[in-house]
Amino acid sequence: MKHVLVLGAGQLARMMSLAGAPLNINISAFDVRSENIVHPLTLEILGSGLQQAIAQADVITAEFEHIPHDILAVCEASGKFLPSTDAIKAGGDRRIEKALLDNAGVKNAKYAVIETRTDFELAIERVGLPMVLKSALGGYDGKGQWRLKDLDDVEAIWSEMEQCIADSDSQAIVAEEFVPFQREVSLVGARNRNGDIAIYPLAENVHTNGVLTLSTAIDEPVLQAQAAQMFTAVAESLDYVGVLALEFFDVAGQLLVNEIAPRVHNSGHWTQQGADTCQFENHLRAVCDMPLGSTHAVRATSMVNILGEDSVPDEVHALAGCHVHWYGKEKRAGRKMGHINVCAENTAALKQRLLQLADLLDDDAFPALKPAAQAL
Ligand code: ATP
Ligand code: MG
């Protein structure tokens with residue numbers, strides 16, 4: 001039996017726990033907000049505090065990148081933390097992330113860092129309009145972002161950004177050129193302690209109001225090779241161990257990295273039913289010093305996020321190839337409550353199944369599903 005302590009007690013720790021059980025890998029989770037060690041499935045508080053949990057763990061890892069640096073430091077000092085805290089910090093701070101991409105020679109959107117009003121003026125000159133402005137720290141699901149299309153909006157946006165910068169220590173804004181992409185894709189892969197790399201097929205992602213709503217695994221060898229090369233450059237530059245995700249903009253067949261996530265990723269949930277080994281198992285294999293599992297796609301698969309709903313009609317469970325994964329969370333508007341993996345023999349059959357699913361679900365709750373399925 002191996003014991004893995006996960007920083008963060010959300011759905012990603014929960015799914016790691018489910019994937020670890022067959023391998024005799026036991027997961028406990030550190031809830032960063034309450035600072036309790038909890039069971040990742042029941043959220044029951046376990047007796048130990050952080051120090052004791054660190055001492056008992058064989059390996060420590062993380063399910064998200066926004067972890068207080070003092071906690072990262074304690075975990076790193078134990079010598080058990082993977083991936084490195086540098087990788088976690090790069091995922092949690094857009095300034096470090098951008099520098100990392102540049103140093104690894106990986107294409108990304110033109111950018112400038114803003115701390116003062118003068119920086120903002122310089123950024124407008126250097127990056128040009130339209131631009132996307134993102135808080136350097138703490139952003140997720142499109143939160144902490146502004147779009148500047150017109151110079152008339154500079155004052156209004158600056159007053160909000162100024163407040164954001166003042167609100168937390170060492171906060172800044174990263175200004176990015178608006179990328180006129182045709183679509184968004186992401187790559188999830190794993191690297192183990194030997195430096196072996198296993199990469200999943202790319203997923204094509206649909207976002208609705210800045211939140212991922214649908215991911216579909218795609219088979220496009222030319223794009224895959226380009227993405228894999230960037231993945232390898234980033235993973236090797238960090239001496240990364242674990243699952244790593246890269247989000248890309250596809251601009252006429254040229255990929256630009258949007259951001260990296262030093263963890264298992266929402267756009268990799270399809271691997272639970274669609275790949276030989278799921279991303280959660282491969283993350284655990286990597287950090288536990290095991291050989292990586294095959295990332296081969298075994299059938300056509302999409303993942304549909306369930307946002308703000310805590311039930312689906314019974315008929316969904318009766319659809320062949322549909323698998324519902326709930327996260328056991330309290331219902332809240334827009335919250336990621338679960339996902340549905342939808343599998344079929346081939347893309348044409350997948351399209352039909354997604355359309356069948358869309359007919360069973362409420363259009364308001366799943367606005368992206370029908371149009372995306374029709375476009376497959
Ligand atoms: P998450 O962590 O959920 O992936 P996030 O809050 O970190 O989201 P980003 O991925 O940076 O934010 O941005 C959210 C979405 O906004 C992107 O998926 C993309 O659709 C759009 N977006 C972000 N940056 C740009 C850009 N430079 N040009 C055009 N669109 C952008
Ligand atoms: Mg993103």
Side-chain angles (χ1 to χ4, degrees), residues 8 10-12 62-67 87-98 100-102 106-114 123-124 126-149 157 161 164 171-188 202-216 227 230 234 243-252 254-269 279 303 305-308 327 334-337 339 367-368 372:
Q11 66 265 26
L12 302 178
E63 65 146 21
F64 77 135
E65 49 276 25
H66 302 303
I67 298 163
I88 301 291
K89 287 176 184 168
D93 186 330
R94 295 191 195 275
R95 289 164 291 197
I96 303 174
E97 180 179 48
K98 283 291 200 177
L100 169 82
L101 295 172
D102 289 345
V106 168
K107 285 201 174 67
N108 61 94
K110 200 174 6 160
Y111 71 101
V113 178
I114 301 173
I124 292 169
R126 227 179 333 139
V127 173
L129 298 194
M131 65 163 66
V132 180
L133 297 138
K134 305 178 181 182
S135 63
L137 304 171
Y140 68 98
D141 287 349
K143 293 185 174 63
Q145 294 198 10
W146 300 264
R147 304 281 158 105
L148 178 62
K149 293 182 189 137
I157 289 181
M161 292 197 322
C164 172
Q171 182 63 287
I173 306 293
V174 174
E176 246 176 46
E177 65 176 318
F178 182 87
V179 179
F181 58 82
Q182 277 80 50
R183 60 176 178 169
E184 294 185 83
V185 297
S186 59
L187 194 71
V188 172
L202 280 162
E204 180 169 345
N205 301 324
V206 179
H207 292 85
T208 310
N209 303 321
V211 183
L212 183 70
T213 44
L214 186 85
S215 278
T216 301
M230 294 188 192
V234 173
V243 162
L244 168 73
L246 266 58
E247 296 180 16
F248 303 96
F249 300 125
D250 176 359
V251 187
Q254 171 65 60
L255 296 180
L256 291 183
V257 173
N258 170 29
E259 59 175 355
I260 68 167
R263 53 172 167 80
V264 288
H265 194 255
N266 197 170
S267 70
H269 292 357
Q279 63 164 348
M303 185 247 19
N305 263 347
I306 304 173
L307 303 174
Y327 306 153
R335 191 175 201 191
K336 284 181 183 167
M337 300 292 292
H339 66 270

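Whatever order the structure lists ligands and atoms in, that order sets their numbers, starting from 1.
Remark: the backbone N or O of Ala136 is paired with a side-chain donor or acceptor of Gln171 at under 3.5 angstrom. A donor-acceptor pair is defined here as one N or O able to donate and one able to accept, closer than 3.5 Å; no such pair exists between the side chain of Gln11 and the backbone of Tyr327. Judged by distance alone, the side chain of Lys98 and the main-chain N or O of Ala109 form a donor-acceptor pair under 3.5 Å. Glu97 places no side-chain N or O within donor-acceptor distance of the main-chain N or O of Glu259, the cut-off being under 3.5 Å.
The protein atom (non-hydrogen) at minimum distance from atom 25 (C) of ligand 1 is Phe249 CZ, 3.4 Å. Nearest protein neighbour of atom 20 (O) of ligand 1, counting heavy atoms only, is Glu184 OE2, 2.7 Å. Counting protein heavy atoms only, atom 26 (C) of ligand 1 is closest to Val132 CG2, 3.6 Å. The nearest protein atom to atom 6 (O) of ligand 1, hydrogens excluded, is given as Gly142 N, 2.6 Å; this is a heavy-atom distance. At the top of the distance list for atom 30 (N) of ligand 1, counting protein heavy atoms only, stands Phe181 CE2, 3.4 Å. Nearest protein heavy-atom neighbour of atom 10 (O) of ligand 1: Glu259 OE2, 2.7 Å. Scanning all protein heavy atoms for the shortest distance to atom 16 (O) of ligand 1 gives Arg147 NH2, 3.3 Å. Scanning the protein heavy atoms around atom 11 (O) of ligand 1, the nearest turns out to be Lys134 NZ, 2.7 Å.
Note: Ser267 OG to Asn305 CG = 10.0 Å, rounded to the nearest 0.5 Å.
Restricting Glu247 to its N, O or S atoms, the one at the least distance from the Mg ion (ligand 2) is OE1. Restricting Glu259 to its N, O or S atoms, the one at the least distance from the Mg ion (ligand 2) is OE2.
By the 30° and 60° cut-offs, the orientation of the rings of His269 relative to His339 is tilted.
Compare Glu176, Gln145, Lys336, Arg94 by their heavy atoms: the one nearest to atom 14 (C) of ligand 1 is in Gln145.
Pairing each heavy atom of Leu100 with each of Ala90, the nearest pair is CD2-CB, 4.1 Å.
When distances from atom 23 (C) of ligand 1 to the protein are checked, a heavy atom turns up under 4.0 Å.
Polar contact check, Val179 against ligand 1: a nitrogen or oxygen pair lies under 3.5 Å apart.
Partner Leu307 forms a side-chain contact (heavy atoms from CB on, under 4.5 Å) with one of Val211, Asn209, Leu212 and no other, that one being Val211.
Inter-residue side-chain proximity for Met131 and Ile124 is flagged as met; some heavy-atom pair is nearer than 4.5 Å.
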